[in-house]
Amino acid sequence: MPELPEVEVITRELRPHLVGEKIRDLKKIWHKTIVESEYSPLNKRIQTITRHGKYIIFHLPDGAIIIHLRMTGQIIVKDQSNLDAKHLRAYIEFKSGKIMQFFDSRKFGRIYVTSNPQDVLKNTGIDALDANFLPKVFTNILTKKKRQIKSVLLDQKNIAGLGNIYIDECLFASRIHPLTPANRLSDDQINILFKEINKILVNAIDRMGTTISDYKTVGGGFGSFQNYLQVYGRTDQPCFVCNSPISKIRINNRGTHFCTNCQVESLNNEL
DNA sequence: AAGAGACCCTGGATGC
DNA sequence: TGCATCCAGGGTCTCT
């Protein structure tokens, strides 16, 4: 399940392949994968490729193609035009002969074609690695929210890019209980959490992301951050810090992993 | 504002 | 073995 680090790795890998490429055709195989508008990307050249949260943005002269991989989306760029069949949902052909295939077993991923990228991105907040995402900004977001910190961090309207896995990891590293109301966090806790978010995301990018089931880089490689996970997917296994079994509960219908020993104190202190 | 739940989906794991 | 059921979860939506 790609989150910010995986999407960042993919974005970086796509740039040398696709920047400057001119689009010859855009084909959908599963009807919902491509969300079209009146805007045609045909014969347009990709000027730059950027990322915002979990979105990959191909900037065209007067519009954009915006990709969200959701749970199982994968992108593979090939030089020749023979197609792979399994789970292929859409593909883009370029004038050069290159082809970008979009695979997605669960069909949740989307490719938006639009003259106005803001339409697609309007409900996403500041990117978690944006240079303007500062502790003060983070504090402003959290102090207005009574919701549980995990819910607040999951909501892309607040901060874009964090997902279920990295949030569990960041909260563990910060020793914050996931059910703590956001506005009950102390200044110290907010500062620690801010630093851990940055540290863990950057570290995960360095390790090419986390491969749990489907995620692959554009070159077909795997990430290695799964080897460094402290709590995610470790239900009932001993905490690396205190040996207590890792707990799993559901928040926002998402599996939430934490250490009742390391992360319970902050909850008690704050309530 | 925010919680609960449905929905979109398929593959893999589990249970009988 | 084979069938049914559950679970994984990002995001959007409706209802309360």
Side-chain angles (χ1 to χ4, degrees), chain A residues 1-8 10-11 28-35 51-57 66-75 84-90 102-112 114 117-128 140-171 178-185 201 204 209-216 223 225-226 229 231-237 246-258:
Chain A
M1 353 163 172
E3 302 181 28
L4 188 152
E6 293 75 33
V7 178
E8 176 64 23
I10 290 167
T11 301
K28 64 169 80 172
I29 294 168
W30 173 248
H31 67 288
K32 290 184 178 174
T33 297
I34 298 182
V35 180
R51 179 191 60 74
H52 182 84
K54 301 170 194 171
Y55 291 93
I56 302 166
I57 307 163
I66 303 178
I67 301 174
H68 198 304
L69 303 167
R70 292 281 180 95
M71 306 293 297
T72 54
Q74 290 176 18
I75 294 172
D84 300 299
K86 195 170 185 190
H87 300 149
L88 181 66
R89 306 302 182 200
F102 183 81
F103 302 92
D104 188 17
S105 69
R106 281 184 181 153
K107 301 178 175 176
F108 284 171
R110 293 291 179 266
I111 299 176
Y112 303 90
T114 177
Q118 279 312 309
D119 280 349
V120 178
L121 303 173
K122 64 187 173 196
N123 287 329
T124 52
I126 188 166
D127 186 85
N140 283 339
I141 292 168
L142 297 186
T143 51
K144 286 184 214 148
K145 305 279 188 304
K146 284 191 284 193
R147 299 179 72 185
Q148 299 146 349
I149 182 65
K150 166 113 186 196
S151 290
V152 172
L153 296 178
L154 273 173
D155 191 337
Q156 303 295 298
K157 286 197 290 294
N158 298 322
I159 300 157
L162 297 173
N164 203 41
I165 297 174
Y166 290 103
I167 291 170
D168 283 2
E169 293 300 310
C170 291
L171 290 174
L179 290 172
T180 311
N183 63 357
R184 298 287 192 93
L185 293 173
L201 292 179
T210 300
T211 296
I212 289 192
S213 56
D214 299 283
Y215 164 73
K216 277 186 202 167
F225 196 72
Q226 66 276 8
L229 296 176
V231 286
Y232 182 84
R234 298 195 63 249
T235 312
D236 296 333
Q237 295 177 47
I246 298 299
S247 295
K248 182 176 183 183
I249 58 174
R250 294 192 81 77
I251 299 178
N252 275 31
N253 216 22
R254 300 288 181 261
T256 299
H257 311 74
F258 67 104

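Sequence lines set the chain letters: A, B, ... in the order given, protein chains first and strands last, and positions in each chain run from 1. Because the structure is predicted, anything quoted here is derived from the model rather than measured.
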Original post:
Rounded to whole angstrom units, what separation is found between the CG atom of Asp155(A) and the P atom of dG3(B)?
Top reply: 10 Å

Subject >> Polar side-chain atom of Thr72(A) near backbone of Arg106(A) as donor-acceptor pair, under 3.5 Å >> reply: yes

Original post:
Rounded to whole angstrom units, what separation is found between the CZ atom of Arg234(A) and the P atom of dA8(C)?
Top reply: 17 Å

**OP:** Enter the inter-axis angle for the ends of the helix from dA2(B)-dT16(C) to dC16(B)-dG2(C) (five pairs per end, rounded to 10°).
**Re:** 50°

Original post:
Does Lys144(A) put a side-chain nitrogen or oxygen below 4.0 Å from OP1 or OP2 of dA1(B)?
Top reply: no

**OP:** Return the nearest nucleotide to the side chain of Lys145(A); candidates are dT10(B), dC8(B), dA2(B).
**Re:** dA2(B)

Original post:
Just how far, in rounded Å, is P of dA6(B) from CG of Asn252(A)?
Top reply: 15 Å

Original post:
Hey, does Lys122(A) reach any base, or is it just sugar-phosphate, or nothing, if we go heavy atoms under 4.0 Å?
Top reply: nothing

Original post:
dC9(B) phosphate, OP1 or OP2: any side-chain N/O from His87(A) under 4.0 angstrom?
Top reply: no

Original post:
Choosing from dA8(C), dC9(B), dG3(B), which nucleotide comes nearest the side chain of Lys248(A)?
Top reply: dA8(C)

Subject >> Arg147(A) vs Asn253(A), nearer the 5' end of DNA chain B by closest nucleotide >> reply: Arg147(A)

Subject >> Contact check, side chains of Leu162(A) and Leu201(A), non-hydrogen atoms, under 4.5 Å >> reply: yes

Subject >> Lys248(A)/Asp236(A) ion pair, N-O < 4.0 Å >> reply: no

Original post:
Taking protein heavy atoms under 4.0 Å as touching, what does nucleotides 10-16 of chain C look like 5' to 3' if B marks base contact, S marks sugar-phosphate-only contact and - marks none?
Top reply: BBS----

Original post:
Just how far, in rounded Å, is P of dC9(B) from CZ of Phe102(A)?
Top reply: 13 Å

Subject >> Side-chain N,O (Lys107(A)) to OP1/OP2 (dT10(B)) below 4.0 Å >> reply: yes

Original post:
Taking NZ from Lys86(A) and C1' from dG12(B), how many angstroms apart are they, rounded to a whole number?
Top reply: 12 Å

Original post:
Short question: side chain of Glu169(A), backbone of Val231(A) - any donor-acceptor pair under 3.5 Å?
Top reply: yes

Subject >> Aromatic ring proximity, centroids under 6.0 angstrom, Phe103(A) and His87(A) >> reply: no

Subject >> Interatomic distance where CG belongs to Asn183(A) and C1' belongs to dA1(B) [whole Å] >> reply: 12 Å

**OP:** Taking Gln148(A) for its side chain and Ile251(A) for its backbone only, find out whether a donor-acceptor pair lies under 3.5 Å.
**Re:** no

Original post:
Taking CZ from Arg89(A) and C1' from dT10(B), how many angstroms apart are they, rounded to a whole number?
Top reply: 8 Å

**OP:** Would you kindly give the CZ-to-P distance between Arg250(A) and dC6(C), to the nearest whole Å?
**Re:** 13 Å

**OP:** With rounding to the nearest 0.5 Å, note down the distance linking NE2 in His68(A) to CZ in Phe108(A).
**Re:** 12.0 Å

Original post:
With the threshold set at 4.0 Å, does a side-chain nitrogen-carboxylate oxygen contact exist between Asp155(A) and Arg147(A)?
Top reply: yes

Original post:
Just wondering, do Tyr232(A) and Asn164(A) contact through their side chains at under 4.5 Å, heavy atoms?
Top reply: yes

**OP:** Give the minimum heavy-atom separation between Gly53(A) and Asp127(A), together with the two atoms involved.
**Re:** N-OD1, 2.7 Å

